*Asks:* 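One structure follows; several queries about it will come next.
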Amino acid sequence: MVDLSLLAKAIDEGNREKAIQLTTEALGAGESPQDIIIRGLQAGMGVVGEKFSNGDYFLPDMLMAARAMKGALEILKPSLEQTGMPTIGKVVIGTVEGDMHDIGKNVVATFLSGSGFEVFDLGLNVPEKNFIEVVREKKADILGLSALLTTTMPAMGRIIKTLEEAGLRSSVKVIVGGAPVTQDYANFIGADAYAHDGGKAVRVCKQLLGE
Ligand code: B1M
């Protein structure tokens with residue numbers, strides 16, 4: 001058994017090599033990718049966030065932690081993605097403009113594709129018009145918007161308004177998420193759904209499509 005708190009520590013220390021090694025070992029020992037993410041990687045990132053808030057960590061510490069987490073997620077990706085499943089629906093997803101946080105969005109996108117959704121990931125810092133264009137072009141069933149900053153959350157509401165103006169709102173369900181986002185905020189901006197994490201996002205997206 002691999003002690004996942006050591007993986008959390010490797011993320012906290014921004015030790016990419018150690019994070020990759022422990023993730024590989026945990027997977028080999030039969031830990032589920034979901035557990036590795038939640039009890040190892042996310043737990044570590046939580047500590048990094050607290051230390052940043054307290055002034056113990058600075059931007060380079062967050063960057064190192066992000067690099068370590070991305071390395072570990074690459075190891076988990078093949079186990080989370082599955083092939084040969086009939087597609088449940090099309091999801092366009094991205095982090096809104098002005099926001100450079102993509103780790104959580106990547107986790108959500110990977111969980112969704114691993115659960116049978118066809119996912120079009122537009123990346124981070126995505127301009128409003130790109131979301132609209134791709135939703136139209138791909139005839140998306142669901143639009144997923146991620147924001148990690150209180151200052152970038154309002155972009156989600158603007159995108160919903162623009163979908164309405166473009167006549168696309170009735171054909172696409174909108175799900176929002178990210179650390180500062182809440183169910184109340186989702187209601188306030190007129191989103192169809194909110195999810196707290198990757199696992200919930202999968203369940204909610206299935207519900208939105210009547211699965
Ligand atoms: Co920044 N950052 N950051 N950061 N960063 C936060 C978000 C912060 C809370 C740290 C803190 O102060 N404690 C704070 C925001 C404060 C606020 O707005 N209230 C903050 C700040 C201030 C900043 C800068 C302004 C710092 C500066 O420059 N002085 C700057 C902003 C840059 C910008 O975006 N314009 C900045 C920069 C960065 C880095 C680039 C260094 C790096 C990001 C690297 C990257 O993503 N490629 C970074 C990091 C790593 C963090 C923390 C430490 C970790 C974020 C993370 O990856 N978490 C973060 C503190 C924290 O959140 N504890 C922090 C792990 C990830 C798996 O969780 O992203 O929450 P999360 O995703 C979850 C759920 O939220 C949910 O599911 C995911 C998986 O379970 N979810 C969805 C996410 N999207 C979803 C979408 C859905 C559904 C669920 O549906 C579509």
Side-chain angles (χ1 to χ4, degrees), residues 7-8 11-14 16 19 33-74 76 80 91-115 117 119-126 131 135 140-156 159-160 172-183 185-186 189 191-208:
L7 179 55
I11 298 296
D12 176 21
E13 291 170 349
R16 186 171 190 268
Q34 285 83 356
D35 263 2
I36 297 173
I37 290 176
I38 293 164
R39 295 199 287 124
L41 306 179
Q42 272 184 208
M45 256 322 180
V47 176
V48 174
E50 276 167 34
K51 289 185 177 173
F52 183 78
S53 295
N54 296 338
D56 296 328
Y57 272 8
F58 299 96
L59 200 54
D61 301 298
M62 285 209 288
L63 278 170
M64 294 288 284
R67 196 173 148 268
M69 180 144 180
K70 284 193 166 186
L73 282 173
E74 280 304 309
L76 296 176
L80 285 164
V91 182
V92 171
I93 191 167
T95 304
V96 298
E97 190 161 22
D99 202 318
M100 309 305 282
H101 297 84
D102 67 349
I103 295 174
K105 181 268 299 165
N106 293 347
V107 169
V108 174
T110 308
F111 272 42
L112 286 169
S113 60
S115 305
F117 287 91
V119 177
F120 301 93
D121 186 347
L122 308 190
L124 49 74
N125 189 24
V126 181
F131 282 115
V135 162
D141 301 296
I142 296 176
L143 172 62
L145 301 172
S146 179
L148 262 286
L149 298 172
T150 44
T151 50
T152 56
M153 283 163 62
M156 301 194 295
I159 291 166
I160 292 173
V172 67
K173 302 284 185 194
V174 180
I175 173 173
V176 294
V181 182
T182 60
Q183 180 67 58
Y185 191 74
I189 61 173
D192 296 292
Y194 157 78
H196 175 263
D197 56 45
K200 292 225 174 66
V202 169
R203 285 196 289 281
V204 167
C205 284
K206 284 183 175 173
Q207 277 166 12
L208 286 174

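Just the heavy atoms: all of them, side chains too, but no hydrogens, waters or symmetry mates, feed the values below. Index from 1, following the sequence. Start at 1 and go down the list; that is how both ligands and their atoms are numbered. Because the structure is predicted, anything quoted here is derived from the model rather than measured.
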*Asks:* Under a 4.0 angstrom heavy-atom cut-off, which atoms of ligand 1 come close to Leu59?
*Replies:*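 That gives atoms 26 (C), 27 (C), 28 (O), 37 (C), 41 (C) of ligand 1.
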*Asks:* Numbering the atoms of ligand 1 from 1, which are under 4.0 Å from a heavy atom of Gly144?
*Replies:* 91 (C)
*Asks:* Check each heavy atom of Val108 against ligand 1 and say whether those closer than 4.0 Å belong to the side chain, the backbone, both or neither.
*Replies:* side chain
*Asks:* Looking at ligand 1, would Pro180 count as a contact under a 4.0 Å heavy-atom criterion?
*Replies:*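 No, that is not the case, since the closest heavy atom of the residue is not under 4.0 Å from the ligand.
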*Asks:* Using a 4.0 Å cutoff against the non-hydrogen atoms of Leu63, which atoms of ligand 1 qualify?
*Replies:* 41 (C)
*Asks:* Considering only heavy atoms of Ser53, which atoms of ligand 1 have at least one such atom less than 4.0 Å away?
*Replies:* 11 (C), 12 (O), 13 (N)
*Asks:* State whether any protein heavy atom lies less than 4.0 Å from atom 8 (C) of ligand 1.
*Replies:* no
*Asks:* Short list, please: which atoms of ligand 1 are under 4.0 Å from a heavy atom of Gly198?
*Replies:* 77 (O), 79 (C), 80 (O)
*Asks:* Is the contact between Lys200 and ligand 1 made by the side chain, the backbone, both, or neither, using heavy atoms and a 4.0 Å cut-off?
*Replies:*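 It is neither; nothing of Lys200 touches ligand 1.
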*Asks:* Give the contacting part of Met69 toward ligand 1: side chain, backbone, both or neither, where contact means a heavy-atom distance below 4.0 Å.
*Replies:*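 It is the side chain that gets close, since no backbone atom is under 4.0 Å.
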*Asks:* I'd like to know if atom 59 (C) of ligand 1 has any protein heavy atom within a distance of less than 4.0 Å.
*Replies:*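 No.
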*Asks:* In His101, the N, O or S atom nearest to atom 1 (Co) of ligand 1 is which?
*Replies:* NE2
*Asks:* Given side chains that start at C-beta, do those of Val126 and Phe131 come closer than 4.5 Å, heavy atoms only?
*Replies:* yes
*Asks:* Which of the atoms of ligand 1 are close to Gly178, meaning less than 4.0 Å from one of its heavy atoms?
*Replies:* 75 (O), 81 (N), 82 (C), 83 (C), 84 (N), 85 (C)
*Asks:* Using a 4.0 Å heavy-atom cut-off, which part of Thr152 comes near ligand 1: side chain, backbone, both, or neither?
*Replies:*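 The answer is neither; Thr152 stays 4.0 Å or more away.
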*Asks:* Take atom 24 (C) of ligand 1 and look for protein heavy atoms under 4.0 Å from it; say yes if you find one, no if not.
*Replies:* no
*Asks:* Go through ligand 1 atom by atom and flag the ones less than 4.0 Å from a non-hydrogen atom of Asp99.
*Replies:* 34 (O)
*Asks:* Just so I know, are the side chains of Leu112 and Ile142 near enough to count as touching, which here means a heavy-atom distance under 4.5 Å?
*Replies:*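 No, their side chains stay 4.5 Å or more apart.
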*Asks:* Taking Tyr57 for the side chain and Val47 for the main chain, is one N or O donor matched with an acceptor at less than 3.5 Å?
*Replies:*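 Pair absent, no side-chain N/O of Tyr57 close to backbone of Val47.
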*Asks:* Got a protein heavy atom sitting under 4.0 Å from atom 44 (C) of ligand 1?
*Replies:* yes
*Asks:* Are Gln34 and Leu80 side-chain neighbours, meaning at least one heavy-atom pair lies under 4.5 Å?
*Replies:*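 A side-chain contact under 4.5 Å exists here.
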*Asks:* Within the 4.5 Å heavy-atom criterion, are Lys200 and Tyr194 side-chain neighbours or not?
*Replies:* no
*Asks:* Out of Leu148, Ile93, Val174, indicate the one that has the non-hydrogen atom closest to atom 62 (O) of ligand 1.
*Replies:*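 When every heavy atom of Leu148, Ile93, Val174 is considered, Leu148 comes closest to atom 62 (O) of ligand 1.
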*Asks:* Quick one: nearest non-hydrogen protein atom to atom 12 (O) of ligand 1, plus distance?
*Replies:*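 Of every protein heavy atom, Phe52 CD2, 3.3 Å lies nearest to atom 12 (O) of ligand 1.
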*Asks:* How about Met45 and Ile103: do any of their side-chain heavy atoms sit closer than 4.5 Å?
*Replies:*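 A side-chain contact exists here, since the closest heavy-atom pair is under 4.5 Å.
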*Asks:* Mind checking whether His101 and Thr152 have side chains closer than 4.5 Å, heavy atoms only?
*Replies:* no
*Asks:* Could you list the atoms of ligand 1 found under 4.0 angstrom from a heavy atom of Ala66?
*Replies:* 44 (C)
*Asks:* Does the Asp192 side chain pair with the main chain of Ile175, one donor and one acceptor, at a distance under 3.5 Å?
*Replies:* no
